[in-house]
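Below: one structure, written as structure tokens.
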Amino acid sequence: MRIDFQKARFVISAPSLSSRPKDSIPEVLIVGRSNVGKSSLINALTGQKLAFKSKKAGKTKLLNYFLIDSRFYLVDSPGYGSTGFATMLTIQFSSMMEAYANYPLLKGIVLLLDLRRDLGEDDKKFIRYLETFGKPIVPVVTKADTYNQAMRHKAELRAADLGLEKPFFSDLSDKSLFQIRGAIASIL
Ligand SMILES: Nc1nc2c(ncn2[C@@H]2O[C@H](COP(=O)(O)OP(=O)(O)OP(=O)(O)O)[C@@H](O)[C@H]2O)c(=O)[nH]1
Ligand SMILES: [Mg+2]
């Protein structure tokens with residue numbers, strides 16, 4: 001399926017899934033710890049400055065719906081572990097995610113990871129929790145431009161340890177974006 005990611009526009013910021021657009025367009029959710037690079041990846045995938053990126057953690061507070069090529073919504077989510085989401089599964093965040101658990105329009109989750117360090121227990125719990133959704137998960141290691149060969153190898157081992165085989169490495173280059181666009185298209 002050919003999808004033109006450059007044909008993208010912001011549609012709505014929703015405080016929860018119940019405020020999403022009232023249509024039946026499928027969606028792909030981007031999740032990850034605060035500051036991992038969710039908004040930056042959305043901007044890079046679409047080649048537009050759609051999502052706000054920030055130096056300060058916890059910038060994205062709402063579910064931001066971006067319509068891609070009139071085909072699906074790419075949804076920027078608040079980073080867990082960010083300001084206002086002190087612990088990963090705070091009531092607000094978990095109830096937002098909970099609504100997604102059996103949501104038929106959710107076609108998959110792009111899980112952004114910083115694997116320069118071992119993940120904490122809360123990250124591992126969060127990943128286990130996402131898996132209970134039973135939807136495809138596309139693992140993406142962000143900020144790959146900051147990894148050397150040894151770090152990359154270590155990151156692959158860490159991902160495998162989490163049951164995430166063959167993660168994509170994103171350095172926001174054309175090559176990595178091409179791969180990630182392909183992975184997203186394949187789950188739609
Ligand atoms: N070196 C490098 N920096 C990146 C990359 N992607 C994002 N960043 C930087 O990481 C910081 C956080 O990026 P955001 O895209 O705002 O992260 P976020 O996950 O949307 O953060 P929240 O909205 O706070 O949850 C910014 O300073 C970005 O410039 C990357 O591929 N390489
Ligand atoms: Mg963001």
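Position 1 is the first residue of the sequence; numbering continues from there. Atoms within each ligand, like the ligands themselves, are counted from 1 in listed order.
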Contacting atoms of ligand 1, where contact means under 4.0 angstrom from a heavy atom of K38: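 Near K38, the atoms of ligand 1 are 15 (O), 17 (O), 18 (P), 19 (O), 20 (O), 21 (O), 22 (P), 25 (O).
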
Residue pairs fulfilling ring pair (Phe, Tyr, Trp, His ring centres under 6.0 Å) with at least one residue in residues 135-155, sequence neighbours excluded: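 Residue pairs passing ring pair (Phe, Tyr, Trp, His ring centres under 6.0 Å), neighbours aside: none found.
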
Of all pairs that satisfy ring pair (Phe, Tyr, Trp, His ring centres under 6.0 Å), the ones with a partner from residues 3-48, not counting sequence neighbours: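 Qualifying pairs, neighbours excluded: F5-F72, F10-F66.
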
Evaluate [X] for polar contact with ligand 1, using N/O atom pairs at a separation under 3.5 Å.
X    : value
G37  : yes
K143 : yes
N35  : yes
S34  : yes
V36  : yes
S40  : yes

Does [X] [atom1] have over 12 foreign heavy atoms under 6.0 Å away?
X    : atom1 : value
K7   : NZ    : no
N148 : CG    : yes
N102 : CG    : no

Heavy-atom gap T142 to ligand 1 smaller than 4.0 Å: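 T142 does not count as a contact of ligand 1 under the 4.0 Å cut-off.
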
Min side-chain heavy-atom separation L177-L41 under 4.5 Å: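 Of all side-chain heavy-atom pairs linking L41 with L177, at least one is under 4.5 Å.
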
Presence of N, O or S from S39 under 2.8 Å of the Mg ion (ligand 2):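 Of the N, O and S atoms in S39, at least one lies under 2.8 Å from the Mg ion (ligand 2), which means yes.
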
Aromatic ring pairing Y129/F133, orientation class (parallel under 30°, perpendicular over 60°, tilted between):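 Perpendicular, since the angle between the ring planes exceeds 60°.
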
